[in-house]
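Data first, discussion second: the structure below is written as structure tokens.
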Amino acid sequence: MAHPAPPELVALIGPPGAGKTTALARLDVRDAVVVGLDRARAEVSCCAADQSATHAALRRSLATARAALAAGTSVVWDATNARRRERRRLLDLAREQGARTRAVVVLPDLGTALARNAARDPSPCPACGHAERVPDDVVRRMHATISRAVPDLPAEGWDRVDHLDRT
């Protein structure tokens, strides 16, 4: 009797404005649970941009992902995942649940990411003061951090690393 394939944890990796959420349509993840930190922040706070809600959103998102993987359902983690410790947390979760792992890098050139981000609403939320548009220096910093990390992703322990061209 054939055993079902283990679930997969797919981590999108890209700076704000890269097109990560849009890239979901290009991935073969039809039955996966999509866990997004922006969505989770909106669920636990006033809006998706409320950075003070990130810790609570992360706890909620990890619990959702853990439950899905434990049930044998694949998960797509939709966040920047710019820092190695963020990616390590996901790799640890996947290993804990016996899931395969895939990093999907969505890294357009910096100008494209900045332009897409500039098209976002710059108005601050009346409740938290954060805007959907991310400050340009943050986009630049994350783009640089991810660009430096890309060559080392396989060594981090990902079972598979894919690159989506979003330019």
Side-chain angles (χ1 to χ4, degrees), residues 3-45 47-108 113 116-117 130 132 134 138-166:
H3 294 284
E8 182 178 44
L9 188 146
V10 179
L12 299 175
I13 301 172
K20 296 177 299 297
T21 303
T22 303
L24 281 172
R26 296 173 54 199
L27 298 176
D28 183 21
V29 292
R30 287 180 290 279
D31 297 326
V33 171
V34 177
V35 177
L37 286 184
D38 287 344
R39 182 181 314 142
R41 275 192 290 266
E43 291 171 356
V44 300
S45 184
C47 70
D50 184 2
Q51 297 305 302
S52 69
T54 298
H55 189 71
L58 180 60
R59 276 196 317 270
R60 173 179 263 200
S61 296
L62 286 169
T64 299
R66 182 173 282 110
L69 292 171
T73 303
S74 292
V75 170
V76 176
W77 191 273
D78 182 6
T80 60
N81 297 307
R83 292 186 285 274
R84 185 180 180 106
R85 73 170 186 252
E86 296 162 347
R87 297 187 301 271
R88 171 60 42 209
R89 183 183 296 124
L90 298 176
L91 287 166
D92 290 347
L93 173 62
R95 298 295 183 246
E96 165 193 308
Q97 297 299 323
R100 296 168 292 133
T101 59
R102 178 170 30 146
V104 177
V105 179
V106 186
L107 189 62
R116 288 185 183 141
N117 182 59
H130 293 280
E132 182 183 340
V134 178
V138 173
V139 176
R140 283 187 185 92
R141 190 170 48 250
M142 283 190 177
H143 193 281
T145 299
I146 293 166
S147 295
R148 284 190 305 271
V150 166
D152 296 327
L153 289 174
E156 287 182 9
W158 298 95
D159 295 323
R160 179 174 161 188
V161 177
D162 294 338
H163 299 266
L164 292 183
D165 180 13
R166 291 292 307 149

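Keep in mind the model is a prediction, meaning the values are calculated, not measured.
A search for side-chain hydrogen bond (donor to acceptor under 3.5 Å, both in side chains) contacts involving Glu86 returns Arg83, not counting sequence neighbours. When the side-chain contact (heavy atoms from CB on, under 4.5 Å) test is applied to Ala65, the partners found at least two apart in sequence or on another chain are Val35, Val75, Trp77, Leu93.
Side-chain atoms of Arg116 come within 3.5 Å of backbone N or O of Ala18 as a donor-acceptor pair. A donor-acceptor distance shorter than 3.5 angstrom exists from the side chain of Asn81 to the backbone of Leu12, with no hydrogens or angles considered. At distances below 3.5 Å, at least one donor-acceptor pair connects side-chain atoms of Ser74 with backbone N or O atoms of Glu8. Counting only distance, with no hydrogens or angles, the side chain of Lys20 and the backbone of Val105 share no donor-acceptor pair below 3.5 Å. No side-chain donor-acceptor contact under 3.5 Å links Ser45 to the backbone of Arg41. Of the possible polar contacts, one joining the His143 side chain to the Pro108 backbone as a donor-acceptor pair under 3.5 Å is found.
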Please lay out, stage by stage, how Val34 and Arg39 fare under the test side-chain contact (heavy atoms from CB on, under 4.5 Å). CA-CA 10 Å; Val34 177; Arg39 182 181 314 142; 4.0 Å; yes

Report the C-alpha separation of Asp159 and Arg102 in whole Å, then their side-chain angles, then the decisive distance to 0.1 Å, and conclude whether the salt bridge (Lys or Arg N to Asp or Glu O under 4.0 Å) test is met. CA-CA 6 Å; Asp159 295 323; Arg102 178 170 30 146; over 6 Å; no

Evaluate salt bridge (Lys or Arg N to Asp or Glu O under 4.0 Å) for Arg88 paired with Glu156, printing each intermediate quantity in order. CA-CA 8 Å; Arg88 171 60 42 209; Glu156 287 182 9; 6.0 Å; no

Please determine whether side-chain contact (heavy atoms from CB on, under 4.5 Å) holds for the pair Asp78 and Leu37, giving the CA-CA distance in whole Å, both sets of side-chain angles, and the decisive distance to 0.1 Å. CA-CA 7 Å; Asp78 182 6; Leu37 286 184; over 6 Å; no

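From Arg89, atom CZ reaches atom OG of Ser61 across 10.5 Å, with rounding to the nearest 0.5 Å.
Contact check for Arg87 versus Leu153: side-chain heavy atoms found under the 4.5 Å cut-off. Residues Thr73 and Leu69 have side chains not in contact (no heavy-atom distance under 4.5 Å, counting atoms from C-beta outward).
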